[in-house]
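To start, the structure under review is shown below, and the notes come after it.
None of the values given here were measured: they were computed from a predicted structure. In what follows, chains are A, B, ... by sequence order, proteins preceding strands, each numbered from 1.
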There are 2 protein chains.
Amino acid sequence: MLINELAKRAGVSTHTIRFYERYGLLQGKRDPSKTSNNYFDYDEECLARLELIIDAKSGGFTLSEIAEIIDAWYGDIYTAKQKRQILENKLVVLDQRIAELRDMKKRIRECIKEIE
Amino acid sequence: MLINELAKRAGVSTHTIRFYERYGLLQGKRDPSKTSNNYFDYDEECLARLELIIDAKSGGFTLSEIAEIIDAWYGDIYTAKQKRQILENKLVVLDQRIAELRDMKKRIRECIKEIE
DNA sequence: ATCAACAGTAGAGTATAGTCTATGGTTGAG
DNA sequence: CTCAACCATAGACTATACTCTACTGTTGAT
């Protein structure tokens, strides 16, 4: 698919996709044997990857942390053991973040109680 | 206490406190009857408020959302009913955020499983 | 053939949340 | 008395993550 379709399916702007491409999180493929233009082609894996980025972002990860996750998951630069290590560290971060959110909920619930 | 002590107790820089003051999240008191200088004085309530800001931030709230929470909690501009409404909306947001984090955890756990 | 709608690149601009610098006044230990 | 350490204000600078603009090339329907 072309960038416009990818953008629509993922629910982000083409600008954002370009930005992620420049950042190195995503890359379409150009196949000169198939098309004469210089349009990029994005497959389903690209979409899955973009959706991972979006989800990780709403999970509070920064783009550089997401780059780490993507390198661990899609890249060949790490061994299986290292990949697991990186991903397990992210799980720890997520658990901490969940704990913080629970604290915040508790705090707000106390505020509500005091109003009554 | 003076700003330096407040900063140390809360674990942020004095610059950050100044920034929050400019933003309207926090304000020390100046009492010309007590001191001739123009130093601000911060009490325990200020510290509690600053800690609330820090916690809310790590809970993923933006400063403008935090301003809303603080106005609901410390301000006189809302009725008890409105205050409760605002705080309960924040609880909903927190629950959504926790759900997103759980999804992200699930996703990462699946990645780890696939490595094995 | 042409014209809107889309593709590409490069680079400027924006919002959020700080962080730092410059300048000048205040305080307290020695 | 003085000097380091602190206080205040204003404004410049930075990082992150977009978002938009300018410009040019391509495609497809009429």
Practice task
Looking only at side-chain atoms of Phe40(B), point me to the closest of dT9(C), dT9(D), dA17(D).
Solution key: dT9(D)
Completion exercise
Each base of DNA chain D marked ( ) or [ ] if paired in-strand (Watson-Crick or G-U under 3.5 Å), | if paired to another strand and . if unpaired gives ||||||||||||||||||||||||||||||
Classify the side chain of [X] and the base of [N] as holding, or not holding, a donor-acceptor pair under 3.5 Å.
{"X": "Arg22(B)", "N": "dG11(D)", "value": "yes"}
{"X": "Tyr23(B)", "N": "dG18(C)", "value": "no"}
{"X": "Tyr39(B)", "N": "dG25(C)", "value": "yes"}

Problem - Charged tip of Arg30(B) within 45° of Tyr39(B) ring normal and under 6.0 Å - result: no
Exercise for the section: Please tell me which of Ser64(B) and His15(B) maps to the more 5' nucleotide of DNA chain C, matching each residue to the nucleotide holding its nearest heavy atom. Expected result: Ser64(B)
Practice task
Find which nucleotide of DNA chain C each of Lys8(A) and Thr16(B) is nearest to by heavy atoms, and output the residue with the more 5' nucleotide.
Solution key: Lys8(A)
Handout entry: Chi angles and distances behind the salt bridge (Lys or Arg N to Asp or Glu O under 4.0 Å) call for Asp41(A), Lys34(A)
Key = CA-CA 11 Å; Asp41(A) 179 69; Lys34(A) 278 197 165 182; over 6 Å; no
Handout entry: Test side chain to side chain contact (heavy atoms under 4.5 Å, CB included) applied to Asp103(A) and Asp55(B), step by step
Key = CA-CA 8 Å; Asp103(A) 276 6; Asp55(B) 287 2; 5.9 Å; no
Can a side chain N or O of [X] be found less than 4.0 Å away from OP1 or OP2 on [N]?
{"X": "Tyr20(B)", "N": "dG18(C)", "result": "yes"}
{"X": "Lys57(B)", "N": "dT16(C)", "result": "no"}
{"X": "Asn38(A)", "N": "dA7(C)", "result": "no"}
{"X": "Asn37(B)", "N": "dT27(C)", "result": "yes"}
{"X": "Thr14(A)", "N": "dC6(C)", "result": "no"}

Practice task
Check every strand shown and say whether Ser13(A) touches a base, only sugar-phosphate, or nothing at a heavy-atom separation below 4.0 Å.
Solution key: nothing
Practice task
Please examine the side chains of Phe61(A) and Leu94(A), heavy atoms only from C-beta on, and report whether any two atoms are closer than 4.5 Å.
Solution key: yes
Handout entry: Side-chain heavy-atom pair Glu44(B), Arg9(B) within 4.5 angstrom cut-off
Key = yes
